[in-house]
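Input: a single structure, listed below in structure tokens.
These numbers come from the heavy atoms of this one structure, side chains and all, not from hydrogens, waters or symmetry mates. Ligands are counted one by one from 1 in listed order, and the atoms in each one are counted from 1 as well.
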Amino acid sequence: MNMGRIRILSDNVANKIAAGEVVERPASVVKELLENSLDAGSTEVRIDAENAGRRLLRIADNGSGMLRDDAMLAFERHATSKLSDVKDLLAIATLGFRGEALPSIASVSRLLLETRSADEQTGAAVELAGGKLLRCDELARPVGTTIAVRDLFFNVPARKKFLRSDQTELAHVGSLVTHYSLAHPDKRFELYHEGRELLHVTPVLTLKERAFQVFGSGTIDDLVDLEPHTRELRLPPPYVPHAQQPEQAALPESEITEFRLEGLISGPHVQKLNRNSIFLFVNGRLIRDKLLMHAISAAFHNLMPSGCYPFALLFLTCDSGEVDVNVHPAKTEVRFRHGSFVHDFMRDTIRETLMQHRPVSAIPLPQESPMQPREGSRSYPSQAAGTLPFSEFSRMLESQVIELPSELALAVSAEETMLPEIAVAQPHAAVESTEAEPLPRAEAREPFAKRIPDTHGGLLHVSPEWERVDSLAALPDLRPLGQLHESFIIAAGRDGLWIIDQHVAHERILFEKVLRQRAAGRMEVQQLLMPIVLQLSAGQQFEYSRIADELNATGFETEPFGQRTIAVKAAPAGLHSSDIEKVIVEILEIAEKELRSATLDEIRRDLAATIACRAAIKINTRLEPTKVEWLLHSLAGCEYPMTCPHGRPIVLRYSTKDILRSFHRI
Ligand code: ADP
Ligand code: MG
């Protein structure tokens with residue numbers, strides 16, 4: 001006879017685990033069942049839903065299955081095969097561990113479990129309704145488990161009322177399955193709603209391939225690889241009172257624990273208005289965590305406007321003792337033992353990756369053939385029957401583009417309407433609707449092919465360089481061609497045509513210069529002939545007292561001058577005297593708005609950004625060729641030449657590849 005693998009948790013353990021609401025909506029059922037399937041070692045999982053999961057959620061896996069005895073036992077509260085002692089709680093490697101998912105789900109639905117373990121000839125079918133056992137039979141079936149959950153909340157009408165629209169509920173299910181499929185590229189996931197395929201991904205080798213399957217090439221082109229990075233944390237040795245130490249005992253060794261981060265992130269030109277495109281996994285488990293979210297925002301500070309978020313797919317791996325996943329009943333929040341270490345590791349790694357890859361904004365191209373008339377803006381399929389309302393990731397499926405400055409848009413499109421346009425897509429972050437968009441299908445993502453050779457004047461002779469995408473590596477070799485509208489520098493690069501916004505380019509140059517000088521403690525300063533006297537409001541006075549030291553260290557010489565008044569005697573070089581007051585007022589305003597929570601480093605950067613913005617060359621300014629050369633040269637020397645300190649792009653590139661494509665030469 002086989003001994004069952006499931007044990008009942010002792011009360012002690014049960015009490016240690018804060019009881020919580022596990023089942024909130026169809027997606028929470030999917031989450032629990034999916035985690036169980038993955039824990040059971042499944043390589044293929046298929047989910048079927050009806051009526052957005054209210055009428056039916058069925059999940060079939062090819063995992064280990066359950067022994068017949070266990071199949072019954074699994075519905076006892078706190079029945080789990082995954083942990084038996086309190087100390088295990090601290091080192092949880094599997095996804096589920098509370099042993100309360102199955103009983104909770106069974107108590108609010110009609111549930112049918114069919115399963116067989118490889119260790120037994122026959123399997124079991126267990127049926128429950130509202131938590132009551134209806135039957136338990138032997139069953140012939142292949143190894144694995146199928147759980148069908150019908151009529152969710154049929155016996156808890158109050159809970160039913162809290163469910164949102166079908167579209168919303170289904171979107172939650174969809175995004176959840178998507179998340180898990182991203183965490184497990186080596187497994188097959190299928191999701192069907194009333195027979196319609198919503199997601200079907202086959203096993204692949206890399207995360208990038210999986211991301212491609214899920215999001216399509218449009219998104220993937222915008223991402224840079226965050227290759228595995230590690231950082232070690234040396235833990236202090238455990239304290240042993242002297243008296244207890246044996247005579248010859250060696251000192252306890254300090255332990256080292258390692259954190260590892262890898263994934264994919266977008267450059268700062270992909271700007272989302274919410275965090276929905278940030279996918280965080282800690283030890284393979286999907287989480288939402290304020291600390292890590294902050295680390296990502298901090299990495300993009302001064303690269304992206306505040307309130308914007310990147311696309312990120314990040315996997316953090318660490319010792320299971322370093323993270324407590326038991327904070328939240330649905331297990332989406334975690335607590336790190338060394339939170340600030342993890343935070344800084346993540347922030348630095350992302351920033352370094354961005355510095356290295358220097359992704360550049362491409363001039364957005366239409367997805368369809370360039371000869372087709374373009375509509376005013378991208379159109380979205382309407383909520384036709386059969387269209388999937390994946391609100392969560394519909395936004396991600398749009399091409400990730402940034403808005404061209406309106407002046408430029410005018411120049412490249414409206415003036416010469418006979419030419420195929422360079423499409424100007426809407427900034428996609430701005431699309432906040434929950435409008436439906438079907439998942440991209442494999443066919444839709446075919447790479448361009450068709451060569452149209454010789455008849456059009458021969459193949460273009462360009463170095464293979466043009467194939468390279470998304471890098472500012474070509475910046476140092478740019479050949480300026482001229483100025484457009486006395487605002488934008490047009491330049492030829494080895495990989496295409498470049499357009500540089502002269503104001504933001506200069507802003508970036510000055511920003512980095514101010515920060516450099518500030519770090520070296522050697523600001524270039526101009527003494528004012530006449531001190532500028534500023535009247536402050538009470539709020540400004542308060543902020544001033546907070547940041548006065550920083551102001552003075554950044555090239556200003558300010559001092560209190562009577563009641564709510566300050567005198568400015570010197571300012572950073574390069575600032576026009578009429579701008580000095582504006583800079584100070586602006587930085588006090590920013591301080592009031594957002595700096596209260598900011599670190600000193602952030603205040604410093606914001607101050608540098610404000611100075612840079614004021615001192616930079618304006619648009620509508622004619623530039624001498626030497627000045628243009630200087631600007632490009634200095635920009636190439638910048639650490640981070642992609643976006644201005646407020647997050648706007650500096651450079652747009654119309655890549656040779658896209659030029660060739662638009663002329664139908666490839
Ligand atoms: P937990 O996952 O926290 O252990 P659950 O209530 O989710 O608790 O599941 C109870 C037990 O049922 C699990 O520990 C596992 O042994 C078994 N089980 C549940 N789903 C599956 C599955 N798909 N395949 C194999 N075993 C399963
Ligand atoms: Mg579970």
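Ligand-side atoms of ligand 1 in range of Gly65: 25 (C), range being under 4.0 angstrom from any heavy atom. Residue Pro103 approaches ligand 1 through these ligand atoms, each under 4.0 Å from one of its heavy atoms: 6 (O). Close approach to Ala74 involves these atoms of ligand 1, each under 4.0 Å from a residue heavy atom: 12 (O).
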**OP:** Decide side-chain contact (heavy atoms from CB on, under 4.5 Å) for Phe315 and Leu261; before the verdict, give the C-alpha distance in whole Å, the side-chain angles of both, and the deciding distance to 0.1 Å.
**Re:** CA-CA 6 Å; Phe315 296 82; Leu261 184 68; 5.9 Å; no
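Applying the ring pair (Phe, Tyr, Trp, His ring centres under 6.0 Å) test to Phe154 and every residue at least two apart in sequence or in another chain returns nothing. Applying the side-chain hydrogen bond (donor to acceptor under 3.5 Å, both in side chains) criterion to Thr145, with sequence neighbours excluded, gives Thr115.
When heavy-atom distances to ligand 1 are checked against a 4.0 Å cut-off, Asp39 has no atom that comes that close, whether in backbone or side chain. When non-hydrogen atoms are compared, ligand 1 lies under 4.0 Å from the side chain of Ala40 (C-beta onward) but not from its backbone. Using a 4.0 Å cut-off between heavy atoms, Leu102 contacts ligand 1 through both its backbone and its side chain.
Centroid-to-centroid, the aromatic rings of Phe189 and His200 stay 6.0 Å apart or farther. Ring centroid separation for the pair Phe345 and Phe336 does not come in under the 6.0 Å cut-off. The aromatic ring centres of Phe341 and Phe259 sit less than 6.0 Å apart.
Not a single heavy atom of Glu32 sits under 4.0 Å from any atom of ligand 1. By the 4.0 Å heavy-atom criterion, Gly144 is excluded from the residues contacting ligand 1.
Of all the listed residues (Asn36, Ile59, Thr115), Asn36 holds the heavy atom that lies closest to atom 20 (N) of ligand 1.
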